[in-house]
Structure formats: C-alpha cells, structure tokens
There are 2 protein chains.
Amino acid sequence: MSEKSEADANSKRVVRQLPPSKAALTRSAILDTGNRFLETRPFRELTVANLMAETEHSRSTFYLYFNDLHGLMETLLNEVKGGIVEGARAWLLNEADAVSGLHESLRALVDVGYQHGSILKAVADAAPSDERLEHVWETFLGSFDQVVSARIAQDQAKGITPEFDPLPVARALNRMDAGVLINAFGSVQKANKEEVLSAIMRIWISTLYPFDAAGSIGHRFK
Amino acid sequence: MSEKSEADANSKRVVRQLPPSKAALTRSAILDTGNRFLETRPFRELTVANLMAETEHSRSTFYLYFNDLHGLMETLLNEVKGGIVEGARAWLLNEADAVSGLHESLRALVDVGYQHGSILKAVADAAPSDERLEHVWETFLGSFDQVVSARIAQDQAKGITPEFDPLPVARALNRMDAGVLINAFGSVQKANKEEVLSAIMRIWISTLYPFDAAGSIGHRFK
DNA sequence: GGATTTTTCTGACATGGCGTTAGTACGCCT
DNA sequence: AGGCGTACTAACGCCATGTCAGAAAAATCC
C-alpha cells in the first residue's frame, strides 16, 4: 500500500524486491534518515538532495526506492498506522465497560502521538501538496470516523449514549484528536502528555457518556 | 499585517501605496482571481503563472503586489478573519445566558466556514510550506485558544462549568472546529450545514455546560 | 498638445529542486 | 575470463520561482 516493493498498484514501476537484501538495507537507511530528519526539521525543509546528503548514497539513489518525497511520507505513515489502530481496540472491543475502554484507548492514542508526533505532523504537512498522499491521509482519518461512528451507534442502542447522528460527531472528535496530537507533539518541545490526555478524555466522555460523567469527572449535578 | 501596502514590518520592500489607485485595482483583481481559483482547485495547483493567466496582467506583475503565493494567502486569510472574530462575540460577551450565546457563536462560525471554506482550507494547506504563513495560521488559531480559555475559566468561577484546566480543553475544541470546518466545507461539494453545526454544538455544550445538557439536549439522566 | 515625471507593467534571466536516462561498478557464478 | 544481475550515479532537461532593467501608459506641467 505504500511504495515500490510491497504489493502496490499505481506506482509506475515497482523496483527492488523484498527477499534479497542489500537493497532493503539502503531502503531502510533512507527511511531512518528521513525519520531522523523530521524529528528536528519540518517537512518543507526536506528535499531529496538534503535527505540523501545525510546518507552515503547519491541523490538519484533515492528514486530507486521511492517515487518522490510524498511516497516516502506514505511509507513512514504506514509504519505508525499499526500502533494507532492497535491502541484503538481497547475501546472498540470492550463492550463491558465503555468508559474505561475509552480511557484506555485514548491513553494509547496519546502515547503513540507522543512517540511519533513528528511523523504525524510531517505527513499532515506533506499531504496538501500531493493529491495521492492527501487521499491516503484523508482515508486514514476517515477510517476512524467509520469505526467510531459504529461504536457510538452501538452504545446508543444500549442507552448509555444520548441519541444523535453518530457520524458527524465521530468526525468531529477524530479531527480534534488529530489536530491536538499534531499540535501538541508535532514540534521539538512536546506538550505535557497528561494534560493533553485529560483534555481530550474529558471531551470524549462528556459527549459520549454524559450520564457517567458526573461520577467519573467528579462534579455534582445541578 | 499582510503584504506590501498596509503598514507592514518584515516585507523586504513595500511597494505601492494605498491612496492613488490603479494599483489598488489590479491588486484586488489578483485577489479576486485567487479567490475564484481556490473555490474550484486546491492550493497545490495554484502557481503564479497559473494565477496570472486568468488575469489581464503578466506573471511578473504579481510580484509587484505580493511577495509570493503565501503572501497572497495571508491577505486572503485576513479578509476572512474579521467575520470569524465577529461571530465569536455572541458567546464571549453574553454573560447572561452562556448556552444560547454559545449556540449563536457556533452558528455564526459554521456560517463563516460555509462561505469561506475554500479559503480556510487553502490557507491551512499552504501554511506548512511556508514558515511565515505557518506562524500566522498558528497564531490565528492560538488567539482563539486564549479567549475561549478565558471564558471557560470565567464560567468555572460561576460554577456553571466543571473544574478542569481550561487551556488544553479550549485548544482541543478549537482544533476540532478548524478541522471540522475545513473538512466539511473545504471542497467543492460542501457538507450539510445543520449536521455539522449540531455535531460540534453537542460537543461544546456537553463539555462546557453538562448541567444544562440534560434539558437542552433532551435526554433523561441515569 | 507636446514634454516630463511618475506610475504601472513586462520580457528575459539566473537559480534550485525535480525526475529520468544512459551508463558505470561490483559481486557472483561456471 | 566472460557474462549476468544487482546496486548505484553523473548528467541532462524541465518547470516554477523571484529579480531586474527597461518599456509602456497615465498623470502632470507648461
């Protein structure tokens, strides 16, 4: 789903196959370098020459492994993707205790955001300048809209979540998460993890489980 | 605060003064064209040549009025800014009825977003590729964080809003608004206004005024 | 109503990043 | 040693950018 090598529609030519591996080595060297680069400098300063200079390879080598910088970003995103989806499961699968499942999922999300904030920001920054990457990024975000929305509907059926149109609310909450994570953890000096977590946690819970909120948030009603 | 002309630190040379005005005319012709362009095509397709071709002027003329495309975007943003700040006042100033003030403000916000969605998306898209514009955009968003946070603190003092650290929550809610508006109204086929409004409205109110939520949202407690 | 100054505009250039192509270097096999 | 595939690179053409010196058009003067 990303670049040359892995099974891949849409790229003009697939180069380098997985099994033998001097290639795999240089490829991941490039990925590493890119990763390191983006931890300290914004995507706009990343140029192919710029990137490969921190490598022992020539600029043209880059094009043997990636179609362009956006292709590189897509690959980087895919590396993070797993962690996020993983973390989300706590809430999505725990039918028993919605509130604490959500707690857990959001905590996991914030953790991943904290670790890979620079990648997330870089991808979000890179997306608007490339149609394909923009589509990938939006699809990525959109996939959460779907599952969150489904879970909300489920909790509404159970009566633990107020009635409302789930999809737009899911979208809003997800955009919030994305925006907050990138804002908080996208630059060199990262925000306080607990502070961020408790802010988004409060918003999710107030919105989805307001009946619990009294106890859970610890505040009297009327 | 934007480009050549208006009082303006940081631009290398200020050209064209306001009062006499053949210049002002071409300048706004360019702005108009840019505006029109961005209503149907993304920022990444906007090039100086591209833009000026839809004008009766040459490419170089562009540089008489703007430093670069990002400068143009900054000017475009400033034109929208007013409307948004304006709309926010309803809630910020209405001490009497927080909930309905917030209703009003969010409705105004969604209206502005609906009208100028393409500009907002274009600016957000353009920001990451230019340090200066990125700073402007973040400052713009950040300014709302400040005022919203202040208002929250005030309502907490009054006891109508639960106790929590206001700033991170304000930030999260604002990022949500920005993300939602751009997502919903940034492309050619815009989302349903009422749907968007009621989603973000619900989230804001559940979070800030949960004690009202029961009545206002119309759902039984426990 | 022609000359002069000021305003507005433009063609032509240099720069820099991009992506491709033709070709080189190296290891391995037999 | 010759041939083959893998891994790499130097050099090229392209396109958008921003600048600059000077042309054209408008305004002003006499």
Side-chain angles (χ1 to χ4, degrees), chain A residues 3-5 10-31 33-34 37 41-74 125-126 128-133, chain B residues 3-5 10-31 33-34 37 41-74 125-126 128-133:
Chain A
E3 202 65 14
K4 324 209 180 185
S5 63
N10 122 317
S11 72
K12 300 185 257 164
R13 293 167 310 155
V14 175
V15 186
R16 307 287 181 259
Q17 62 287 43
L18 304 181
S21 63
K22 167 74 176 305
L25 207 67
T26 27
R27 185 181 144 102
S28 59
I30 297 177
L31 283 169
T33 309
F37 186 104
R41 304 170 63 183
F43 176 77
R44 78 176 87 83
E45 288 175 19
L46 183 65
T47 120
V48 177
N50 230 348
L51 168 68
M52 296 307 286
E54 298 187 7
T55 279
E56 358 175 66
H57 299 280
S58 84
R59 196 175 71 84
S60 357
T61 298
F62 175 83
Y63 294 97
L64 293 179
Y65 298 96
F66 303 94
N67 286 322
D68 53 23
L69 287 175
H70 301 284
L72 176 82
M73 296 315 299
E74 188 178 343
D125 281 359
S129 54
D130 183 75
E131 178 157 17
R132 174 169 157 81
L133 185 60
Chain B
E3 202 65 14
K4 324 210 182 187
S5 62
N10 123 316
S11 72
K12 300 184 257 167
R13 293 169 310 156
V14 175
V15 186
R16 307 289 182 258
Q17 62 287 46
L18 305 180
S21 62
K22 166 74 176 308
L25 207 68
T26 28
R27 184 181 144 101
S28 60
I30 297 177
L31 284 169
T33 309
F37 187 103
R41 305 169 64 182
F43 176 76
R44 71 173 151 285
E45 289 175 18
L46 183 64
T47 125
V48 177
N50 230 350
L51 168 68
M52 297 306 286
E54 297 187 7
T55 279
E56 4 174 60
H57 299 280
S58 85
R59 195 177 70 83
S60 355
T61 299
F62 174 84
Y63 294 98
L64 294 179
Y65 299 95
F66 303 94
N67 285 323
D68 54 23
L69 286 175
H70 301 283
L72 177 83
M73 296 316 297
E74 188 178 342
D125 281 359
S129 56
D130 183 75
E131 177 157 15
R132 176 170 157 79
L133 185 61

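Within every chain, numbering begins at 1; the chains are lettered A, B, ... in the order of the sequence lines, protein sequences first and strands thereafter.
When heavy atoms are screened at a 4.0 angstrom cut-off, A/Leu25 is found touching no nucleic acid atom at all. A/Leu46 comes within 4.0 angstrom of no nucleic acid atom, judged by non-hydrogen atoms across all strands.
In terms of modelled atom types and a separation under 3.5 Å, the side chain of A/Thr47 and the main chain of A/Ala49 share a donor-acceptor contact.
For the pair A/Phe66 CZ and C/dT20 P, the computed distance is 15 Å after rounding to whole Å. The interatomic distance linking B/Asn67 (CG) with D/dT17 (C1') rounds to 13 Å, in whole Å. Here C/dG17 presents its P atom at 15 Å from CZ of A/Arg44, a figure rounded to the nearest Å. Following rounding to the nearest Å, B/Leu51 (CG) and D/dG18 (P) show an atom-to-atom distance of 13 Å. Look at CD1 on B/Ile30: it is 11 Å from C1' on C/dC9, rounded to the nearest Å. Separating the CG atom of B/Asp68 from the P atom of D/dA16 is a distance of 16 Å, rounded to the nearest angstrom. At whole-Å resolution of the value, CE in A/Met52 and P in C/dC18 are 12 Å apart.
Taking only side-chain nitrogens and oxygens, A/Thr26 comes nearer than 4.0 Å to OP1 or OP2 of D/dC8. Note on A/Tyr65: every side-chain N or O is 4.0 Å or more away from OP1 and OP2 of D/dA7. The shortest distance between the side-chain N/O atoms of B/Tyr63 and the OP1/OP2 oxygens of C/dT10 is not below 4.0 Å.
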Trace of the side chain to side chain contact (heavy atoms under 4.5 Å, CB included) decision for B/Thr26 with B/Leu64:
CA-CA 10 Å; B/Thr26 28; B/Leu64 294 179; over 6 Å; no
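In this structure, NE2 on A/His70 lies 7.0 Å from CG on A/Leu133, to the nearest 0.5 angstrom.
B/Leu51 is not listed as a side-chain neighbour of B/Arg59, based on a closest heavy-atom distance of 4.5 Å or more. Contact of the A/Leu69 side chain with the A/Phe62 side chain is registered, since non-hydrogen atoms from C-beta on lie closer than 4.5 Å. A 4.5 Å side-chain heavy-atom check between B/Asn50 and B/Arg41 finds at least one atom pair inside the cut-off.
A/Glu45 CD: more than 12 foreign heavy atoms inside a 6.0 Å radius.
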Set out, line by line, the N/O atom pairs under 3.5 Å between protein and nucleotides 9-12 of chain D.
unit_1, atom_1, unit_2, atom_2, d
D/dT9, OP2, A/Ser58, N, 2.5
D/dT9, OP2, A/Ser58, OG, 3.3
D/dT9, OP2, A/Thr61, OG1, 2.6
D/dA10, N7, A/Ser60, OG, 3.2
D/dA10, N6, A/Ser60, OG, 3.3

